[in-house]
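Everything numeric in this text was worked out from a predicted model, so none of it was measured. Because only heavy atoms are used, hydrogens play no part in the values below, and waters and symmetry mates are left out as well, while side chains stay in.
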Amino acid sequence: SKAGEIVSTIETITPPLYRRILMWQRADLREAVLGLPTVLITGDTGSGKEFLFNNLFARLNQIYRDLTPGQKSLPLKKSNIAAYSGELTYSELFGHKRGAFTGAHADRRGILEEAQGGVVFLDEIGDADPKTQVQLLRFLDSGEFVRLGENITRFSQVLLVAGTNRDLGQLIAAGQFREDLYHRLSELVIDVPSLNQRREDIADLAVHFLGRLFRVYRQPEQSEREAPELSDEAKLLLSQHRYSGNMRELRSILLRAMLFRNGRVIRKEDI
């Protein structure tokens, strides 16, 4: 199945990625000339890019805890490039000096500095403005960056995982995305197919989501044993449905069915 292929990919790439992270803690300079490691996750809106990232990070974190007892967690920062524009995008990633722009009342570290030695997830990387793209390329090549409003070169090492629902090839052709940045970001690419392209996974995904939804919405007096189940007919209906909203739509359907069901078993009629 598509899900099985993605799980296999995660299991394959996480050990070597963790070894790169471990080198930073040992101040190993041999890998510095290689630039920083990157993973690019592509897929339609709502296909589950952040869900995949969370699984990738969980696996990395598990290795980290197994090999470094006493440590709590790898540093982690997440951001959505589409939520910012111009100087705010630059500040979010690289930080700024007090007075660098209106509203910059104090010095601020960017997420690429805060996550030193860990992992950063940048979603909607295709929306990055030209200045941010240039500085991000410099950062990935050398680990160097400059806070907005400063002229001091700083240094950080992170595993950068970028997500996009846009066709970066088309953006490159239109002159809106740097081809050299694309090649740096796409060292390892994981494509997340839409639900309509992975119908064999929908029943298992539905069971997974339903379990999570029940744990969040259940009444205090309800036990785990009272978790709702999907009938075979309901699973079949979900597998045959044409999704326009991908994972978000599936989750919404399951939430409504769980809240308005008659009895523990969710039937085709409830869906």
Side-chain angles (χ1 to χ4, degrees), residues 1-43 47-79 81 93 110-126 128 133 135-145 154-165 168-169 178-193 198 201:
S1 68
K2 296 288 186 183
E5 292 175 15
I6 291 174
V7 169
S8 177
T9 298
I10 290 175
E11 289 296 320
T12 299
I13 67 176
T14 43
L17 285 173
Y18 179 75
R19 286 194 290 274
R20 285 291 299 278
I21 292 172
L22 197 60
M23 282 183 172
W24 303 335
Q25 298 172 358
R26 297 172 178 169
D28 192 320
L29 298 178
R30 290 175 301 170
E31 61 90 46
V33 296
L34 295 174
L36 298 174
T38 57
V39 179
L40 180 64
I41 302 176
T42 61
S47 59
K49 294 186 291 298
E50 187 167 2
F51 181 72
L52 187 155
F53 168 77
N54 289 338
N55 281 275
L56 174 65
F57 179 76
R59 184 72 186 101
L60 277 172
N61 214 23
Q62 181 184 346
I63 299 173
Y64 176 69
R65 287 172 172 166
D66 289 346
L67 297 181
T68 52
Q71 298 296 321
K72 292 183 179 179
S73 178
L74 278 172
L76 168 65
K77 289 292 178 180
K78 295 181 181 180
S79 190
I81 294 291
L93 299 188
I111 61 173
L112 296 172
E113 187 176 354
E114 291 179 328
Q116 161 63 31
V119 184
V120 171
F121 178 58
L122 292 183
D123 205 2
E124 309 303 354
I125 194 68
Q133 290 183 39
Q135 292 305 314
L136 193 55
L137 178 61
R138 176 193 179 191
F139 174 72
L140 292 175
D141 277 345
S142 64
E144 296 179 350
F145 66 95
R154 299 176 185 270
F155 189 78
S156 183
Q157 291 171 306
V158 300
L159 163 62
L160 180 70
V161 183
T164 183
N165 63 355
L168 295 184
R178 295 182 64 98
E179 186 172 6
D180 46 8
L181 177 57
Y182 169 75
H183 290 307
R184 276 300 283 114
L185 290 171
S186 60
E187 286 184 338
L188 297 167
V189 180
I190 306 176
D191 182 57
V192 185
R198 51 196 286 216
D201 296 329

How about [X] and [Y]: do any of their side-chain heavy atoms sit closer than 4.5 Å?
X	Y	value
L67	Y18	yes
L160	L136	yes
N55	I6	no
F139	V158	yes

Can you give the donor-acceptor pairs under 3.5 Å from side chains of residues 112-126 to other protein atoms, not counting sequence neighbours?
from : atom 1 : to   : atom 2 : distance (Å)
E113 : OE1    : R147 : NE     : 3.3
E113 : OE1    : R147 : NH2    : 3.3
E113 : OE2    : R147 : NH2    : 3.0
Q116 : OE1    : S156 : OG     : 3.2
Q116 : OE1    : Q157 : N      : 2.7

Hey, could you give me the [atom1]/[atom2] distance between [X] and [Y], rounded to the nearest 0.5 Å?
X	Y	atom1	atom2	result
L137	Y182	CG	OH	14.5 Å
L17	L22	CG	CG	12.5 Å
E144	Q135	CD	CD	10.5 Å
S186	L40	OG	CG	6.5 Å
Q133	D180	CD	CG	9.0 Å

What's the verdict on side-chain contact (heavy atoms from CB on, under 4.5 Å) for I111 and L93, showing C-alpha distance, side-chain angles and the deciding distance?
CA-CA 5 Å; I111 61 173; L93 299 188; 4.0 Å; yes
Pairing residues for [X] by the side-chain hydrogen bond (donor to acceptor under 3.5 Å, both in side chains) criterion, not counting sequence neighbours:
X	value
D191	T42
T9	none
T12	none
E50	K78

Quick check: closest heavy atoms across [X] and [Y], and the distance to 0.1 Å?
X	Y	answer
L159	P37	CD1-O, 3.5 Å
A3	D201	N-OD2, 2.8 Å
L74	F57	O-CZ, 3.5 Å
K49	I41	CD-O, 3.6 Å

Step by step, would you call F53 with V192 a side-chain contact (heavy atoms from CB on, under 4.5 Å)?
CA-CA 11 Å; F53 168 77; V192 185; over 6 Å; no
Those residues at least two apart in sequence (or on a different chain) that pass side chain to side chain contact (heavy atoms under 4.5 Å, CB included) with E5 are K2
Does atom OH of Y64 have more than 12 heavy-atom neighbours from other groups under 6.0 Å away?
yes
Does [X] reach the main-chain N or O of [Y] with its side chain, forming a donor-acceptor pair under 3.5 Å?
X	Y	answer
R65	K72	yes
R184	L36	yes
R59	T14	no

